[in-house]
Amino acid sequence: MPTQIDKVYEPQRFEPAWAQWWIEKGIFKASAKNTGRTFSIAIPPPNVTGVLHMGHMLNHAEHDVVVRWRRMLGYNTLWLPGTDHAGIATQMVVERQLAAEGTNRYQLGREAFEKRVWEWKAQSGGTILKQMIRLGTSCDWSRERFTLDPGLSRAVRETFVRLYEKDLIYRGEYMVNWCPSCFTAISDLETVHEETQGRMWHIAYPVVGSDEKLVVATTRPETMLGDTAVVVNPEDGRYRHLHGKTVMLPLMNREIPIVLDSMADPKFGTGVVKVTPAHDLNDFEAGKRHKLPTVKVINEHAKMTAAAGPYAELDRFDARKRIVADLESLGLLVKTEEHRLPLGRCQRCRTPIEPLVSKQWFVKTKPIAEPAIRVVEDGRIQIIPEHWTKTYYEWMYNIRDWCISRQLWWGHRIPAWHCQACHQVTVSREDPTQCAHCGSEKIEQDPDVLDTWFSSGLWPFSTLGWPDKTEDLATFYPTSLLITGFDILFFWVARMIMLGLECTGDVPFRAVYLHSMVRDAEGQKMSKTKGNVIDPLDVTEKYGTDAVRMALLRGASPGTDISIGIDNFESARAFANKIWNASRLIFMKMETSGVEPWAPGAMNCCLPEPITDSLVTPLEDRWIFSRLNRCAESVNRAVENYRFHEAAQTLWHFVWHEFCDWYLELKKLRFEDNTGLNAHWRNLLTVYEMMLRLLHPLMPFLTEELWQRVAEAGADRPISIALANYPQYNPDASDAQAEYEMEILQSIVTAARELRADMKIDPKQMMDGVLVVREPARSMLDGQLAGIERIAGAKLDVRASDEGVDGVKRGFPEFDLIIRVSASQAEAQRSRIQKEIEQLE
RNA sequence: GGUCGCCUAGCUCAGCUGGUUAGAGCGCCUGCUUCACACGCAGGAGGUCGUAGGUUCGAGUCCUACGGCGACCACCA
């Protein structure tokens with residue numbers, strides 16, 4: 001029996017219970033059996049260190065809409081949750097703790113340190129998952145994964161060995177981006193380039209055996225200590241006479257050659273380039289071309305090495321100052337100018353990157369990028385919004401090898417063993433006891449771990465049990481969809497496509513939906529330093545999860561960022577409250593009418609026809625069923641195409657301005673006159689049920705709560721249960737005639753209201769207004785009149801048009817809607833209004 | 001330097017494949033303690049759709065140029 005419900009919507013009172021209950025009932029659990037229609041999606045695993053922010057909230061809301069929708073459509077639906085071990089991020093958290101305790105990881109030792117991180121993870125990791133559970137995200141928690149789980153680690157190992165065996169992984173000395181603070185190599189993607197105000201120093205290098213001086217320009221004078229040549233363009237006439245000569249490197253007094261190479265642009269600077277193969281990528285390559293020696297003058301701590309002579313041990317920036325000063329006193333500093341240049345920084349700690357030559361592991365990306373380009377080209381993977389495909393191609397066509405080794409302790413250790421006897425490398429699926437080449441037992445595992453993105457690149461299939469041929473893999477792979485932010489298109493999406501194709505021979509997902517960034521109400525990026533961060537947990541506590549979801553989804557149109565502020569949450573809560581109160585009205589009327597809770601409606605996926613007790617189906621029923629039908633069509637299409645804002649907008653309009661404003665208002669009148677109540681109730685409740693179902697993927701808590709209060713079957717039949725019970729478009733249920741007639745009714749009511757307002761008449765002493773319509777409209781309006789009068793607050797009469805009146809044609813081809821006011825007491829107003837009306841013609 | 005996106009009411013934005021009077025939410029103004037809801041109801045004001053051309057019977061919607069804003073990529077000393 002429906003109970004009395006509170007006047008105001010207070011989601012805090014029921015949300016936590018439902019979140020718990022859904023999990024207890026196992027509603028989110030997917031079946032491993034392949035039952036035909038399946039839908040699967042793997043969550044972008046948040047960092048274990050992570051705390052839920054608005055970006056997650058949007059991402060999860062979008063996931064949840066799609067997933068709940070598919071589930072209700074009867075798909076065997078899997079949303080697989082989990083977290084990422086997040087190499088650097090996590091290691092840094094624990095290292096900070098150690099620092100606070102006055103120790104560090106080196107003192108602790110590798111094994112103890114790893115143990116310590118695991119302890120941290122058990123204790124404070126995965127906060128975000130708990131938050132997700134509270135927010136009702138409908139993941140299958142029984143399949144939760146972590147990138148360092150044994151199974152996933154095996155997948156990582158398998159992939160590494162396979163790639164190595166196929167010669168797609170190699171180890172070598174190359175220029176890498178070194179972060180002196182994180183103390184590891186990082187990939188190109190992990191460096192951010194920032195336009196910085198720097199300087200350009202012009203330094204004179206004396207030519208040996210001549211008084212001439214070559215002037216080179218540099219932005220990093222400290223690297224000159226490691227110069228092993230200067231380069232001029234062979235075509236550059238200015239320096240032709242110096243070909244084959246040498247210069248004396250100032251400060252170091254080392255003789256270095258003048259080399260010819262097109263890398264020197266005669267138009268830039270002085271046309272002379274200093275070459276430091278150890279500390280610049282261009283120079284490194286030039287060094288290789290000209291077989292130049294490499295002199296490393298800066299070490300991993302960003303301090304000058306012994307090779308820097310008198311500058312040894314200085315920090316690189318202190319060295320710079322000293323060197324510039326020394327050059328100046330030697331009279332070799334020709335000039336200094338301001339210069340803007342992009343400076344590479346570590347994405348994580350903002351420290352300026354030091355390009356260093358170092359021995360690292362790389363993935364040869366060109367061969368695996370090619371098929372990854374093809375699957376997007378031929379549509380096997382669809383990227384939405386489509387314009388991102390171009391960005392994807394840009395990157396993939398110009399892709400460079402991927403540095404995958406990190407000098408960290410937290411992560412997947414590289415499965416390679418170095419032999420101390422023959423110095424060869426053994427890469428193996430199982431831990432080897434001896435060198436595969438010479439049999440020596442003196443082998444040691446490579447100390448490095450893999451880039452975090454290496455393991456997350458396997459996520460869609462490693463989580464399903466790959467490399468084993470599991471039932472889950474057969475049922476859910478390839479996954480149906482990936483929803484993520486465009487900011488990790490390269491980091492993650494592209495790598496998953498490459499590795500997915502390489503490992504499984506199939507695409508990892510069939511579609512990628514890239515959503516936008518969430519910004520604050522001023523369009524600013526949310527950041528802790530700006531203090532404009534909105535904590536999702538705060539606002540869900542205050543406004544309700546459904547309202548927050550709705551606020552985000554309403555703004556979630558593909559391609560544009562979402563600006564969100566308190567106003568958005570307030571209006572979304574008002575919407576939830578509106579639904580709440582509409583329900584309250586229905587429940588109250590049910591009680592006074594003695595209506596029993598009803599059995600849940602159609603389990604088929606099509607909308608039923610309105611029910612009638614007599615020969616005449618009330619207009620409002622025919623109309624609302626038709627509108628509902630169109631609403632279902634629109635919402636389904638919107639969700640299918642990831643147009644979440646459209647789904648939200650459509651429902652908003654249907655619920656508020658059709659169901660509440662008109663339908664319920666008209667039904668109130670029906671309940672007054674007490675005839676044919678049975679049919680009225682069954683229609684109303686059917687529409688109400690369908691409305692809740694349509695809303696459920698977007699607003700799960702509110703709809704579940706209301707559903708449980710009103711449905712006879714009660715708690716055993718959750719609205720979210722996996723049955724094919726989501727309303728879908730029914731071509732037979734659209735009733736254009738009813739919509740048309742309702743439009744007329746609405747315009748009559750509007751007109752009547754205007755009359756009343758304009759004449760400033762007290763409804764109680766209302767003069768007669770006369771509505772005159774042609775015959776078809778007249779019969780249509782029969783029986784509606786009382787309702788119209790009530791809504792309009794005017795007393796009206798309906799006559800046929802041949803009774804002859806003045807009026808206004810409102811633009812309906814079949815009907816003339818003519819309004820005449822016969823005011824006995826207010827002739828003046830009457831004629832004034834009539835004139836105005838006539839002007840409308 | 002390259003690529004992409006955005007510029008529509010005071011604010012935040014919808015407007016899919018070009019088609020009747022350009023929409024929503026919030027804000028603002030007017031009137032309502034109407035027995036579901038003031039987190040409400042009924043009305044209203046407010047836009048030459050960044051600028052200039054072009055294609056078309058017809059353009060916010062397609063094309064070109066320009067201006068402003070933003071994002072991403074990038075080894076020019």
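Chain A is the first sequence line, chain B the second, and so forth, proteins listed ahead of strands; every chain is numbered from 1. No hydrogens, no waters, no symmetry mates; every other heavy atom, side chains included, goes into these values.
What separates CD of A/Glu646 from P of B/G25 is a distance of 16 Å, to the nearest Å. The CG atom of A/Leu514 sits 13 Å away from the C1' atom of B/A71 (whole-angstrom rounding). Per the geometry, CZ belonging to A/Phe587 stands 21 Å off P belonging to B/C35, to the nearest Å. As rounded to whole Å, 17 Å separates atom P of B/A36 from atom CE of A/Met691. The distance between atom CD1 of A/Ile562 and atom P of B/C13, rounded to the nearest whole Å, is 10 Å. Between A/Glu665 atom CD and B/A36 atom P the separation is 9 Å, expressed in whole Å. A straight line from CE of A/Met517 to P of B/C69 spans 22 Å, rounded to a whole angstrom. Rounding to whole angstrom units, CD of residue A/Glu591 and P of B/C35 are separated by 19 Å.
Note on A/Val231: nothing from the nucleic acid sits closer than 4.0 angstrom, heavy atoms only. Using a 4.0 Å heavy-atom criterion, one finds that A/Trp201 contacts no nucleic acid atom at all. Nucleic acid contact for A/Phe284: none, since no nucleic acid atom lies under 4.0 Å from a heavy atom of the residue.
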Please output the side-chain donor-acceptor pairs of residues 580-590 of chain A that fall under 3.5 Å, not counting sequence neighbours, one pair per line with the distance.
unit_1   : atom_1 : unit_2   : atom_2 : d
A/Trp580 : NE1    : A/Asp6   : O      : 2.8
A/Asn581 : ND2    : A/Lys7   : O      : 3.4
A/Asn581 : ND2    : A/Asn577 : O      : 3.1
A/Asn581 : ND2    : A/Asn577 : OD1    : 3.2
A/Ser583 : OG     : A/Ile579 : O      : 2.7
A/Ser583 : OG     : A/Tyr688 : OH     : 2.6
A/Arg584 : NE     : A/Ile5   : O      : 3.2

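Nucleotides B/C28 and B/G46 are separated by 9 Å at their C1' atoms, to the nearest Å. A gap of 10 Å separates the C1' atoms of B/A9 and B/G23, to the nearest Å. Spacing between B/G60 and B/A22 at atom P, rounded to whole Å, works out to 10 Å. One P atom belongs to B/G10, the other to B/G67, and the distance between them is 26 Å to the nearest Å. B/C49 and B/C7 are spaced 10 Å apart, taking the C1' atom of each and rounding to whole Å. B/G43 and B/A52: their P atoms are spaced 37 Å apart (whole Å). Taking atom C1' on both nucleotides, B/U20 is separated from B/C11 by 30 Å, rounded to a whole Å. For the P atoms, the distance linking B/G70 with B/U33 amounts to 50 Å, nearest Å.
The nucleotide whose nearest atom lies closest to any side-chain atom of A/Arg584 is, among B/A36, B/A71, B/C13, B/A36. In this structure, the nucleotide among B/G25, B/A36, B/C73 sitting nearest to the side chain of A/Cys660 is B/A36. Among the nucleotides B/U12, B/C41, B/G15, the one closest to any side-chain atom of A/Arg643 is B/G15.
Of the side-chain N and O atoms in A/Ser557, one or more sit less than 4.0 angstrom from OP1 or OP2 of B/A14.
The OG atom of A/Ser571 sits 10.5 Å away from the OH atom of A/Tyr543 when rounded to the nearest 0.5 Å. Rounding to the nearest 0.5 Å places NZ of A/Lys578 at 5.5 Å from CG of A/Asp661.
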Give me, pair by pair, the N or O atoms of the protein and of nucleotides 74-77 of chain B that are less than 3.5 Å apart, along with how far apart they are.
unit_1 : atom_1 : unit_2   : atom_2 : d
B/C75  : OP1    : A/Arg400 : NH1    : 2.3
B/C75  : O2'    : A/Asn282 : ND2    : 3.0
B/C75  : O2     : A/Asn282 : OD1    : 2.3
B/C75  : O2     : A/Asn282 : ND2    : 2.5
B/A77  : O2'    : A/Ala217 : O      : 2.9
B/A77  : N6     : A/Asp265 : O      : 2.8
B/A77  : N6     : A/Phe268 : O      : 2.4
B/A77  : N1     : A/Asp265 : N      : 3.0

Protein-nucleotides 21-24 of chain B N/O pairs closer than 3.5 Å?
none

Short N/O separations, protein against nucleotides 1-6 of chain B, under 3.5 angstrom:
unit_1 : atom_1 : unit_2   : atom_2 : d
B/C4   : OP1    : A/Lys390 : NZ     : 2.4

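Using a 3.5 Å distance cut-off with no hydrogens or angles, the side chains of A/Asp227 and A/Tyr205 do pair a donor with an acceptor. Defined by atom type and a distance below 3.5 Å, a donor-acceptor pair is present between the side-chain atoms of A/Glu190 and A/Ser187.
Checked against side chain to side chain contact (heavy atoms under 4.5 Å, CB included), A/Arg289 has the following partners two or more places apart in sequence or in another chain: A/Asp261, A/Met263, A/Glu285, A/Ala286.
A/Ala572 approaches A/Ala547 most closely through the heavy-atom pair CB-O, 3.2 Å. Pairing each heavy atom of A/His515 with each of A/Phe486, the nearest pair is O-CD2, 3.4 Å. Here the shortest heavy-atom pairing between A/Ala647 and A/Val639 reads CB-CG2, 4.0 Å.
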CA sep, side-chain torsions, deciding dist, call: A/Glu689, A/Leu692, side chain to side chain contact (heavy atoms under 4.5 Å, CB included): CA-CA 5 Å; A/Glu689 175 189 336; A/Leu692 290 183; 5.8 Å; no
Verdict with reasoning, A/Gln12 to A/Glu541, per side chain to side chain contact (heavy atoms under 4.5 Å, CB included): CA-CA 7 Å; A/Gln12 303 79 4; A/Glu541 189 50 42; 3.4 Å; yes
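For RNA chain B, the stems formed by at least three consecutive Watson-Crick or G-U pairs, with both atom-pair distances below 3.5 Å, span B:1-7 with B:67-73, B:10-13 with B:23-26, B:28-32 with B:40-44, B:50-54 with B:62-66.
Between A/Glu640 and A/Arg637 there is no salt bridge, since none of the side-chain N atoms of the basic residue sits less than 4.0 Å from a carboxylate O of the acidic one. One finds a salt bridge joining A/Glu338 and A/Arg199 here, because a Lys/Arg side-chain nitrogen approaches an Asp/Glu carboxylate oxygen to under 4.0 Å.
The aromatic rings of A/His680 and A/Phe671 sit perpendicular, their planes meeting at an angle over 60°, well past the 30° parallel limit. A parallel orientation is assigned to the rings of A/Trp652 and A/Trp656, their planes being inclined by less than 30° (bins at 30° and 60°).
Residues A/Tyr9 and A/Phe486 each lie close to RNA chain B; by heavy-atom proximity, the contact nearer the 5' end of the strand is made by A/Tyr9.
Surrounding CD of A/Glu337 are more than 12 heavy atoms belonging to other residues, nucleotides or ligands, all under 6.0 Å away.
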